[in-house]
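Worksheet for the structure shown next.
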Amino acid sequence: MPNITLPDGKKLNFEKKVTGLKIAEKISKSLSKQALVISVDGHLRDLNFEIDNDCSVKIHTSKDKEGIETIRHDTAHVMAMAVQELFPGTQVTIGPVIDDGFYYDFARKEPFTEEDLQKIEKKMKEIVERDEPTHREVWKRDKAVEHFKKTGEIYKAEIIKSIPKEEEVSVYFHGKWHDLCRGPHLLSTGKIGKFFKLTKLAGAYWRGDSNNEMLQRIYGTSWSSQKDLDDYLKRIEEAEKRDHRKLGKEMDLFHFREESPGSVFWHEKGWNLFQKLIEYMRTKQNIAGYKEINTPEILDRSLWEKSGHWEKFGEHMYTSKTPDEKIFAIKPMNCPGCVQVFNQGLKSYRDLPLKMSEFGKVHRYEPSGSLHGLLRVRAFTQDDAHIFCTEDQITEECLSVTNLILEIYKDLGFNDVILKYSDRPNLRVGADEIWDKAEDALLQAINSSKLKYTINKGEGAFYGPKIEYVLRDAIGRDWQCGTLQVDLNLPERLGASYVDKDGSKKIPVMLHRALFGSLERFIGILIENYSGKLPFWIAPLQTIVIPVSNDFDDYAMKVHNKIVKSGITSQVDLKNHNLNYKIREHSLSKIPLLLICGKKEVDSNTVTIRRLDSNKQENMELKEFLKKFSALSKAPSI
RNA sequence: GCCCCUAUAGUUAAAUGGUAUAACACAUCCAUGGUAAGGAUGAAUUUCCAGUUCAAUUCUGGGUGGGGGCACCA
């Protein structure tokens, strides 16, 4: 007779077979009400799953990840039910749980509309009201395939074929409606509650493969209380408010236009931010021993053929034919150009490691559907560098790249960084021994960095393993920015070599690295992270000087000129508006410092500071202000 | 690239088979002001190409861009 061990170690003994629900009832009335699913020896089961052996269990409520995910999974089922009731002939395919919600993919000729979503939601509420009971059946594979084929559910039949032989084929019923599903599920449709919302319509390929037909996906979210649902919707709204595309327009940083989709038109303020970041990086890299170079944007086709890009990357490359019929490519990467710089003159082992950096603007013909503001563009500037070194130097160089990245992210307010490590893919170049070495070296560097990391098996580049640096922003989103790749291929292809101690020619290892990745993308991330309120040292426009009335224009100009001389970006606002108006206007455009100048300031040779998001006034001598704030114009670590 | 949605002034929005409204921004004038919108006046617009129609910004088709996803991100 089953002996049930609870998470706190307590044991309960039952006379005969028992279900999760019974166990919950025995523990407490409130638990039996809140119980959603149960883990039995680590396997998630329905609450009416019959237990007849000794085991450990944990009963899940909406407070657990397992509980809330089951609610979402059930909501997906209820949605599919509603869709099939409203639109007979629609086929269901898959409907998994995702972060904060769920989706279900449907096959139907006519597209769903926004109004359909309302109808579906209404129908879902009806189904919740009907409180259809759930029950689970295990079917024979053949019977299941035949059944779903007969009912016109071709996709389901296909899914069954791909279920591993040793797994059961289970079918869940909610009332009469049923779906092939692994489960577990709640006891009835009423249990999901009413705190759900269908959020968006989308297309999605069957089995995620762009060669397959496109299905219609409906996304939704589902929670265990109205408050959680409201909080979630609020969170989405807040994230929309910090959208860099919106803020970029409002703050007059940049714009995009039809003539060049995916390329940025930088305005004065945005370009200032861009240049500040480059200046900052340049300083950091000089300190770290990099030599900055610059290589041509347009290079002859033959170089790209030699490097392998023509073949492997050709469809993403812009090309250009000259009047005399020569074909050039606009560089999609900086590496071949950099290797050519390395190739100038004989290099000795004493020159290694040789770190060459380049703020190189590259162009890639990205698929139109992937473009997204600054985050995915067709023309962007990489903070690129290539480190030529020996195999023995890989670990040390990787470690120093990692440290540099951490310093830089920290200066910019990102302290939460994780690594993604990708090792050898099936399709690759180079001998296994070299891969062994490269992977060991990278792993050593990762381990000594003490950062958390994940392994992406087989996801490395064809020419070598890589690390990707992922930072977490102020609202918990992860962004992959920096990357470090070991290249065992390109130096050889382009004939790079150095003279070793013994006088023999050797091929150097090349490390590709980028810290921000793309300046454009990083600026997008920065804007969203700070909601546009960038720290003083990096702000696109740091101060605006405002005279209290026109009588003080001269003094305001004088203050402005001194500020500009001290290296702080400043504007002076002499427009015909009153003080309140100007303060409101410039606060909304997120200028960190407003300097007010009136009679008081003129008489005492001071300025009155108003900081963004504060209504305090600080009066200080102009000299003191210049000293204090030009120091604050530097990055924290410089 | 694929699916769906979408395109009105500098921006954000409204309206209509008979060429369009508002707010903010902008310009001029008045007001010269002390920490988040002072007042008056003014100028300015239907994404492009076809089609239907007496008439298209509105309806239909297509192009292009934008948005949400999918795929892609070497």
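Counting heavy atoms of neighbouring residues, nucleotides and ligands inside a 6.0 Å radius, atom CD of A:Glu621 does not exceed 12 of them.
Side-chain N/O atoms of A:Thr295 and A:Glu358 include a donor and acceptor closer than 3.5 Å. With 3.5 Å as the limit, one finds no donor-acceptor pair spanning the side chains of A:Glu492 and A:Tyr463. Side-chain contact, A:Tyr104 with A:Thr93: no donor N or O sits under 3.5 Å from an acceptor N or O. A side-chain donor from one of A:Glu153 and A:Gln84 sits under 3.5 Å from a side-chain acceptor of the other.
Nucleic acid contact class of A:Arg610 (heavy atoms, under 4.0 Å, all strands): base. Within 4.0 Å of A:Asn576, counting heavy atoms only, lies at least one base atom of the nucleic acid. Among the protein residues, A:Tyr103 comes within range of no part of the nucleic acid, since none of its heavy atoms lies under 4.0 Å from any strand. Using a 4.0 Å heavy-atom criterion, one finds that A:Thr608 contacts the bases of the nucleic acid, with or without backbone contacts as well. Residue-level contact check: A:Ala204 touches the backbone only, with heavy atoms under 4.0 Å from sugar-phosphate atoms and none from bases. Within 4.0 Å of A:Lys246, counting heavy atoms only, lies no atom of the nucleic acid at all. Across all strands shown, A:Asn550 has heavy atoms under 4.0 Å from base atoms, whether or not it also approaches the sugar-phosphate. At a threshold of 4.0 angstrom between heavy atoms, the contacts of A:Ser549 include nucleobase atoms, whether or not backbone atoms are also involved. Counting non-hydrogen atoms under 4.0 angstrom, A:Leu594 reaches nothing in the nucleic acid.
If you measure from atom NZ of A:Lys575 to atom C1' of B:U28, you get 15 Å, rounded to the nearest angstrom. The CG atom of A:Leu371 sits 11 Å away from the C1' atom of B:C72 (whole-angstrom rounding). The separation between A:Ile546 atom CD1 and B:A37 atom C1' is 14 Å, rounded to whole Å. A straight line from CG of A:Asp613 to P of B:U35 spans 18 Å, rounded to a whole angstrom. Regarding A:Glu110, its CD atom lies at a distance of 18 Å from the C1' atom of B:C5, rounded to whole Å. Summarising the geometry, the separation between NE2 on A:His577 and C1' on B:C24 is reported as 11 Å, rounded to the nearest angstrom. Taking atom CZ on A:Arg584 and atom C1' on B:A37, their separation rounds to 5 Å, with Å as the unit. The separation between A:Phe106 atom CZ and B:G69 atom C1' is 15 Å, rounded to whole Å.
Closest to the side chain of A:Val548, out of B:C4, B:G69, B:G34, is B:G34. Closest to the side chain of A:Ser370, from the set B:A36, B:A71, B:U32, is B:A71. Distances from the side chain of A:Ile596 to the nucleotides B:G69, B:G65, B:G34 place B:G34 closest. Which of B:A71, B:G38, B:U64 sits closest to the side chain of A:Asn578 comes down to B:G38. The side chain of A:Pro367 sits closest to B:A71 out of B:U32, B:A71, B:C70. Among B:A36, B:G34, B:G38, the nucleotide with an atom closest to any side-chain atom of A:Tyr581 is B:G38.
Note on A:Lys582: every side-chain N or O is 4.0 Å or more away from OP1 and OP2 of B:G34. Using a 4.0 Å cut-off, some side-chain N or O of A:His372 falls inside it from OP1 or OP2 of B:G68. Of the side-chain N and O atoms in A:Tyr219, one or more sit less than 4.0 angstrom from OP1 or OP2 of B:C70. Contact between the side-chain N/O atoms of A:Lys200 and the OP1/OP2 oxygens of B:G69 is found at a separation under 4.0 Å. Within the structure, a side-chain polar atom (N or O) of A:Arg245 is placed less than 4.0 Å from OP1 or OP2 of B:G67. A:Ser368 has a side-chain polar atom (N or O) that falls below the 4.0 Å cut-off from OP1 or OP2 of B:G1.
Evaluation of atom-type donor-acceptor distances gives a pair under 3.5 Å for the side chain of A:Glu601 against the base of B:G34. Contact annotation: side chain of A:Tyr205 to base of B:G69, donor-acceptor pair absent below 3.5 Å. Side-chain to base pairing of A:Asn615 with B:U35: no donor and acceptor N or O lie closer than 3.5 Å to each other. A donor N or O paired with an acceptor N or O is found under 3.5 Å between the base of B:C72 and the side-chain atoms of A:Arg376.
In this structure, A:His512 and A:Asp487 approach most closely via the heavy-atom pair NE2-OD2, 2.7 Å.
Position along RNA chain B of the nearest nucleotide to A:Phe552 versus A:Leu215 favours A:Leu215 as the more 5'-ward residue. Mapping A:Lys616 and A:Arg257 onto RNA chain B via the closest heavy atom, the residue that lands nearer the 5' end is A:Lys616.
Comparing the P positions of B:A40 and B:U6 gives a spacing of 39 Å, expressed to the nearest Å. Between B:G39 and B:G34, the distance separating the two P atoms is 15 Å to the nearest Å. Rounded to the nearest Å, the gap between the C1' atom of B:A50 and that of B:A43 is 34 Å. The same atom, C1', is picked in B:A7 and in B:U45; the two are 13 Å apart, to the nearest Å. Between the C1' atoms of B:U21 and B:A36, the separation comes to 28 Å (whole Å). Comparing the C1' positions of B:A9 and B:A20 gives a spacing of 11 Å, expressed to the nearest Å. Using P as the reference atom, B:C48 and B:A56 are 14 Å apart when rounded to the nearest Å. Spacing between B:C26 and B:G63 at atom P, rounded to whole Å, works out to 40 Å.
B:A13: Watson-Crick or G-U partner is B:U21, with both key distances under 3.5 Å. Across all strands shown, nothing is found opposite B:G34 as a Watson-Crick or G-U wobble partner with both distances under 3.5 Å. In this structure, B:G42 and B:C26 make a Watson-Crick or G-U wobble pair, each of the two defining distances being under 3.5 angstrom. The nucleotide B:U64 finds its pairing partner in B:A7, both defining distances of the Watson-Crick or G-U wobble pair being shorter than 3.5 Å. Pair check for B:G1 finds B:C70; Watson-Crick or G-U wobble, both atom distances under 3.5 Å.
Looking only at distances, no side-chain donor or acceptor of A:Arg364 sits under 3.5 Å from a matching main-chain atom of A:Glu366.
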Inset, instruction - Please step through side chain to side chain contact (heavy atoms under 4.5 Å, CB included) for the pair A:Phe112 and A:Ile218, ending with a clear verdict. - result: CA-CA 9 Å; A:Phe112 291 118; A:Ile218 302 178; 4.0 Å; yes

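By the side chain to side chain contact (heavy atoms under 4.5 Å, CB included) test, A:Lys123 pairs with A:Ala82, A:Glu85, A:Leu86, A:Glu126, A:Ile127, sequence neighbours left out.
Comment: A:Lys599 engages A:Asp603 in a salt bridge, judged by a side-chain N to carboxylate O separation of less than 4.0 angstrom.
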